[in-house]
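Report on the structure given below.
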Amino acid sequence: MKKISLLIPVYNEEESLDALFTALLPLLNNTHKSLKGAKYEWEVILVDDGSNDHSFDKLKQLNARDDRFKYVKLSRNFGKENALLAGFDRVSGDAMIIMDADLQHPVETIPEMITKWEEGYEDVYGQRLSRGKESIFRKIFTKTYYSLLNKSTRVDVLPNVGDFRLLDRKVIDAIRALRETQRYTKGLYCWVGFKKTGVDFQTADRVAGKTHMSPGRLINLALEGITSYTTAPLRLATVLGFVISVLAICYMIFIVCKTLIYGEPIQGFPTLICTILILGGCQLLALGIIGEYIGKIYTESKCRPPYIVAEESISPDTDIRNSKNDDLPR
Ligand code: UDP
Ligand code: MG
């Protein structure tokens, strides 16, 4: 029987977890009507990303109630992307489905994803038809962001597609092999390639609690996305520098000729100050961009592990890490 793993990152979700358990049971018992009688072996890997509420106690309770619910507790909040990697390292299924703990990703869509997987697709992503309850700021920001990101790279990152997806074992292993600490998983799915298809879903509202993605965190993730996915901003800085230098040389020639022909009365403060400000601004911008990338090189060069586990219910001998990819750099 094929095995399917569910990977769910959990950060301060104590109020959502009971509802999540109830919602998943029909699937795990293979009694969900949309499975149409298909039978799979299931496991649920819940990664506690350093919650500071009672989420972890809840995870332990779930594990006691049903041992298909396994938990991994990270030593602090490493962020969703790294929590996902902890899960990637532990799932043992032939396929894996990633979903949020807040039930914004409907369980009803999962059988549809499995059908596509059985048809031979290796990466079945959920495509949001609507974005649920979200601020106008976030909607506009997301739209502009993706159009900019996709203009700057060869491998497109799909808009309206998030972490809700089914991955075949091949894709799981490919993504596990990418050990960067500053992760932008959404870009990695696209970068590794494989046969992809989408299924539509309506984003539900959160069952409880509120989103952890504050505008600040979103902007950070967006910058992370750009700088870890493309070096186009560096190219932009070069092009900008080149264009400004050409303009500056033309202007210089103009000034020299003008002075030679008409002489130069002492004036020109506004021109001078504008030029200094524009050039200064461009230089700072370029330095900032270069700094972003140097910062990334610095962090990656320390080769720190992307996450640290404090406690887990997954016993090492059933752990996929021991059988495959054991020589991965960590
Ligand atoms: N999450 C996490 N670590 C974090 C932030 C979020 O593991 O630092 C989890 C969270 O528990 C949820 C999922 O990531 O299961 C999505 O988070 P959230 O619902 O806050 O984001 P949104 O749906 O608003 O994008
Ligand atoms: Mg959510």
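In each ligand, atom 1 is the first atom listed, and ligand 1 is the first ligand listed. The residues of the chain are indexed from 1 along the displayed sequence.
Checked by atom type, the side-chain pair Glu81/Thr185 shows a donor-acceptor distance below 3.5 Å.
Atoms of ligand 1 lying under 4.0 Å from at least one heavy atom of Glu13, given by number and element, are 10 (C), 11 (O), 12 (C), 15 (O). Counting atoms of ligand 1 from 1 in the listed order, those under 4.0 Å from a heavy atom of Asp49 are 2 (C), 3 (N), 4 (C), 7 (O), 8 (O). Listed by number with element, the atoms of ligand 1 under 4.0 Å from a non-hydrogen atom of Asp102 are 19 (O), 23 (O). Listed by number with element, the atoms of ligand 1 under 4.0 angstrom from any heavy atom of Asn77 are 3 (N), 4 (C), 8 (O). Taking every non-hydrogen atom of Pro9 and a distance limit under 4.0 Å, the qualifying atoms of ligand 1 come out as 7 (O), 9 (C), 10 (C), 11 (O), 12 (C), 14 (O), 15 (O). Below 4.0 Å from some heavy atom of Thr211 lie the following atoms of ligand 1, by number and element: 20 (O), 21 (O), 22 (P), 24 (O). Atoms of ligand 1 lying under 4.0 Å from any heavy atom of Ala101, numbered from 1 in the order shown and given with element: 15 (O). Listed by atom number, the atoms of ligand 1 under 4.0 Å from Asp100 heavy atoms are 13 (C), 15 (O), 16 (C), 23 (O).
Using a 4.5 Å heavy-atom threshold, the side chains of Tyr307 and Asp49 count as separate. The shortest distance between side-chain heavy atoms of Glu108 and His32 falls below 4.5 Å. Between Lys80 and Tyr11 the shortest side-chain heavy-atom distance does not fall below 4.5 Å. No side-chain heavy atom of Asp66 sits less than 4.5 Å from a side-chain heavy atom of Trp42.
Remark: Asn52 CG to Asn77 CG distance equals 8.0 Å, nearest 0.5 Å. To the nearest 0.5 angstrom, Leu167 atom CG is 5.5 Å from Ile175 atom CD1. The distance from atom OH of Tyr71 to atom CZ of Arg90, rounded to the nearest 0.5 Å, is 13.0 Å. Taking CG of Leu28 as the reference point, atom CG of Leu6 lies at 6.5 Å (rounded to 0.5 Å).
Taking the six-membered ring for Trp, Tyr189 and Tyr125 have ring centres at least 6.0 Å apart.
The minimum heavy-atom distance linking Ala101 with Pro9 is given by the pair CB-O, 3.7 Å.
With a 4.0 Å cut-off on non-hydrogen atoms, Val10 touches ligand 1 through its backbone and not its side chain. Contacts with ligand 1 closer than 4.0 Å are made by no heavy atom of Ile8, backbone or side chain.
For atom 8 (O) of ligand 1, the nearest non-hydrogen atom of the protein is Arg217 NH2, 2.7 Å. For atom 20 (O) of ligand 1, the nearest protein heavy atom (residue, atom name, distance) is His212 N, 2.7 Å. The protein heavy-atom contact nearest to atom 25 (O) of ligand 1 is Arg138 NH2, 3.0 Å. At the shortest separation from atom 18 (P) of ligand 1 among protein heavy atoms lies Arg206 NH2, 3.4 Å. Annotation: atom 1 (N) of ligand 1 to nearest protein heavy atom, Tyr11 CB, 3.7 Å. Atom 21 (O) of ligand 1 has as its closest protein heavy atom Met213 CG, 3.5 Å. Of the protein's heavy atoms, Gln104 OE1, 2.7 Å lies nearest to atom 23 (O) of ligand 1.
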Open item on the list: Please evaluate residues Glu224 and Lys296 with respect to the criterion salt bridge (charged side-chain N to carboxylate O under 4.0 Å, His left out), reporting the C-alpha separation (whole Å), side-chain torsions for both, the decisive distance (0.1 Å), and the verdict.
Closed with: CA-CA 9 Å; Glu224 199 62 64; Lys296 281 194 109 68; 2.3 Å; yes

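Classification of Asp123 and Lys170 as a salt-bridged pair fails, no side-chain N sitting under 4.0 Å from a carboxylate O.
Arg76 forms a cation-pi arrangement with Phe78, by the criterion of a distance under 6.0 Å to the ring centre and an angle within 45° of the ring axis. Geometrically, Lys195 engages Tyr121 in a cation-pi contact defined by less than 6.0 Å to the ring centre and at most 45° from the axis.
Here atom 14 (O) of ligand 1 lies nearest to Lys80 when heavy atoms of Glu81, Lys80, Lys210 are compared.
By the criterion of a separation under 2.8 Å, the protein N/O/S atoms near the Mg ion (ligand 2) amount to Asp102 OD2, Gln104 OE1.
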